[in-house]
Amino acid sequence: MDFRDDLFLFSRANSQLAEGIKDLLSSFVRPSASTANFHKSAIFFAATSRATRSSITNTMGMTEGRSELIKSVLNGSSMYWCSVFKLPQAMIYKLEQIMSRFLWAGSDSKTTIHKVGGCATQPILLMELEAIKRGLLLAREKDNYFDFCDFVFSTVESLCGCELEKKAGMENSVRRRLEALSRHLFLQCEADQALNLIFLRGNQLKHMESEPVIIGGMVLDIHAAPSIPVNPRTTTPGKVHYVTGGVARNVAECMSKLGTKPYMISAIGLDIAGDLLLEHWKSAGLSTEGIRKHQDIQTAVVCNLFDANGELAAAVASVEAIEKFLTPEWIQQFRCNICSAPALMIDANLNPRSLEASCQIAAEFGIPVWFEPVSVAKSKRIASVVNYITFTSPNEDELVAMANALSCGDEFHPVQRDNSRSMWSAESSFKKLKHAIWVLLEKGIEVVVVTLGSDGVFLCSRGGPALMKHGLKKIKPSSFGGRLHEIVASSCPSNRFVCAANSEGSSHHLVVHFPALPASVVRLTGAGDCLVGGILASLCAGLDMMQSMAVGIAAAKAAVETETNVPSQFCLARIADDARRVYSAANVMFHQSMM
């Protein structure tokens, strides 16, 4: 907003944008011959922590203008709603009473006089008005402005104790006002994100280009391994370990240890489990900006009971907080990170609305999306977002569940496994899974990675070898990633599958079997996550899909040989050697046109 002698700039409250605004004002001085007087300028905050306010005021060299903010917020909020509704007199009186008490006492209930200027002058009134106004969060939760209008009517009724007549033929003037209000609230987020892009400085944007985005759960795993056979109704001697976990978190940590620093978006509580997860994340030098932390969140915890062979015997999961608090509204705040990422990975712990919000942002900017199914039950959530998915990585049971969800029936049944490993063959297994794989490919998913446990992986594509040879865009490999690319590319030549090179096109299906490597198994829980993490890290390093698959299997082998879900570190030479062995043993199972 520009006046004759004054300029109002609006922005989200964070230090990066404050620095951007200050640089912008400094740049404005040279062509305009006008100077911003920071000593006579003021900053107004709303719903901002004291630490953030202090940081921004120090950055800008300005003072905080609280009293003016209070007057504009209090009066502006009530006047705005009076322009939409003909509010009852009793309600107007109540609002004025709240404003008066807050302005002088810093509370809606106290009547003692208190000076204006302390921390109590934050707009606590907004908590009272939130039930009427609800603002941007409400607008995002409603599909259209008619739902929004209904909510407002019901809320005003409950607050003022009077009956508002909700006629089917609402007056046109009121409809127009509410429609304008809804549009304003829905568009506010887009304008806010535009400010982020404007004020991001060049070096920050370049830094963001190398950060794939991972959205999903951060979980504390409790691993219990008995040292003798378990007896019911009594305790059993053994070992109990606290292990940092969660599918998305494991994938992100694996990527970071293979040279690709991901940007994590998740939610944890201010509790013991959350503290352990956050401390471990910080120790890895990874950003915590996208991790939502709040006292109302109960950090996700999973208790795993293993048998003597290291196989999972039973588990209890308490992960409701991920669905409840990892919301579309939280994810939207990191739109800039997603739009500049080489890839986005989402796990199915997200609720359907959050899955769709994440995918829509990625689709808007052409960012490939990797869907990690997590479990048989949650894998079915792919049905609402399948049109956005580029990659997915189910095991056999998850593949069947996903195929049934996408075909709206129970056509496919779980694969019956023969305990005799001597009877297993890649050909017979592929024959059982082929039609379920085709369902996913025909729905538009370009690459399906079917994990087979100790039998390896089926890499399936509907784009033919040409797609398999392509890597990701917007990549900026680290020094570790550069070395990984150099070693793997030299030992795993891209012309390895030249036999199918002439078969290309969107209707062409290609399936390659990659065998697993012999390993000294300690724990199996992190194998699938490190497979995905290894593939994504390799793609971000510039390797193609075939080479990346070999690295992923090598990373999975390293994972099963440790107590933790992700190894404390990866040996580059060993990863490259294992990847070469896997790559040379890979076998084309199917390649032909489906026309």
Side-chain angles (χ1 to χ4, degrees), residues 343-348 352 355-356 358-360 362-363 366-415 426-452 456-470 472 497 500-514 532 535 539 544-546 548-549 587-595:
L344 168 67
M345 196 220 83
I346 51 176
D347 78 24
L355 285 172
E356 190 166 356
S358 305
C359 289
Q360 285 176 347
I367 309 303
V369 179
W370 188 299
F371 177 85
E372 170 51 47
V374 175
S375 68
V376 171
K378 293 181 179 179
S379 67
K380 300 174 185 177
R381 295 179 178 180
I382 196 174
S384 63
V385 295
V386 65
N387 293 332
Y388 303 103
I389 305 303
T390 309
F391 309 91
T392 188
S393 46
N395 61 27
E396 295 168 275
D397 293 333
E398 291 163 350
L399 171 68
V400 169
M402 292 164 71
N404 283 328
L406 294 173
S407 58
C408 302
D410 294 319
E411 178 182 351
F412 305 98
H413 303 285
V415 175
E427 291 77 10
S428 62
S429 180
F430 172 66
K431 185 177 180 180
K432 295 175 183 178
L433 298 172
K434 180 173 69 173
H435 295 296
I437 294 171
W438 279 190
V439 170
L440 271 63
L441 294 177
E442 293 302 324
K443 286 294 183 178
I445 300 175
E446 295 183 4
V447 177
V448 178
V449 178
V450 184
T451 59
L452 308 169
V457 170
F458 285 139
L459 176 59
C460 316
S461 164
R462 69 180 181 92
L467 176 67
M468 295 294 199
K469 292 179 181 178
H470 290 168
L472 298 176
F497 300 94
N502 296 324
S503 303
E504 299 179 4
S506 60
S507 62
H508 188 88
H509 289 187
L510 173 68
V511 179
V512 181
H513 175 248
F514 287 80
V532 175
I535 296 171
L539 289 172
D544 65 31
M545 190 66 200
M546 299 285 198
S548 299
M549 178 59 64
N587 182 42
V588 176
M589 304 290 301
F590 184 95
H591 63 96
Q592 69 181 47
S593 174
M594 301 302 292
M595 295 293 288

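Just so we're clear, the structure is a prediction, and the values are computed from it rather than from any experiment. The chain is numbered in sequence order, starting from 1.
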Hey, mind stepping through Thr390 and Glu446 against side-chain hydrogen bond (donor to acceptor under 3.5 Å, both in side chains) and telling me if it holds?
-> CA-CA 5 Å; Thr390 309; Glu446 295 183 4; 5.4 Å; no

If you round to the nearest 0.5 Å, how far is [atom2] of [Y] from [atom1] of [X]?
X	Y	atom1	atom2	answer
Asp347	Ser375	CG	OG	10.0 Å
Tyr388	Glu356	OH	CD	5.0 Å
Ile382	Phe371	CD1	CZ	5.0 Å
Gln360	Asn387	CD	CG	11.0 Å
Leu399	Thr451	CG	OG1	9.5 Å
Lys434	Ser429	NZ	OG	12.5 Å

Side-chain heavy atoms of [X] within contact of [Y], under 4.5 Å:
X	Y	value
Leu440	Lys443	no
Leu452	His513	yes
Ile346	Cys359	yes
Met546	Phe514	yes
Val385	Val369	no

Testing Phe430, Trp438, Phe458 for ring pair (Phe, Tyr, Trp, His ring centres under 6.0 Å) with His509, which one passes?
->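 Considering Phe430, Trp438, Phe458, a ring pair (Phe, Tyr, Trp, His ring centres under 6.0 Å) with His509 is found only for Trp438.
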
Run the side-chain contact (heavy atoms from CB on, under 4.5 Å) check on Lys431 and Glu427 step by step: do they pass?
-> CA-CA 6 Å; Lys431 185 177 180 180; Glu427 291 77 10; over 6 Å; no

Apply side-chain contact (heavy atoms from CB on, under 4.5 Å) to Met545 and Ile535, showing your working.
-> CA-CA 8 Å; Met545 190 66 200; Ile535 296 171; 3.8 Å; yes

May I ask you to decide if Glu442's main-chain N or O and Arg462's side chain share a donor-acceptor pair within less than 3.5 Å?
->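 No, because the side chain of Arg462 does not come within donor-acceptor range (under 3.5 Å) of the backbone of Glu442.
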
Okay, side chain of Asn404, backbone of Phe412: is any donor-acceptor separation there less than 3.5 Å?
->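 Looks like yes, one N/O pair under 3.5 Å.
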
Measure across [X] and [Y] and return the closest heavy-atom pair with its distance rounded to 0.1 Å.
X	Y	answer
Ser393	Val532	OG-CG2, 3.5 Å
Ile445	Leu441	O-CD2, 3.4 Å
Ile367	Leu344	CG2-N, 3.9 Å
Pro373	Pro394	CG-CA, 3.7 Å
Val374	Lys378	CG1-CD, 4.3 Å

Which is it for Met402 and Thr392 under the side-chain contact (heavy atoms from CB on, under 4.5 Å) test, yes or no, and what are the steps along the way?
-> CA-CA 10 Å; Met402 292 164 71; Thr392 188; 3.4 Å; yes

Test side-chain contact (heavy atoms from CB on, under 4.5 Å) applied to Val400 and Lys432, step by step = CA-CA 10 Å; Val400 169; Lys432 295 175 183 178; over 6 Å; no

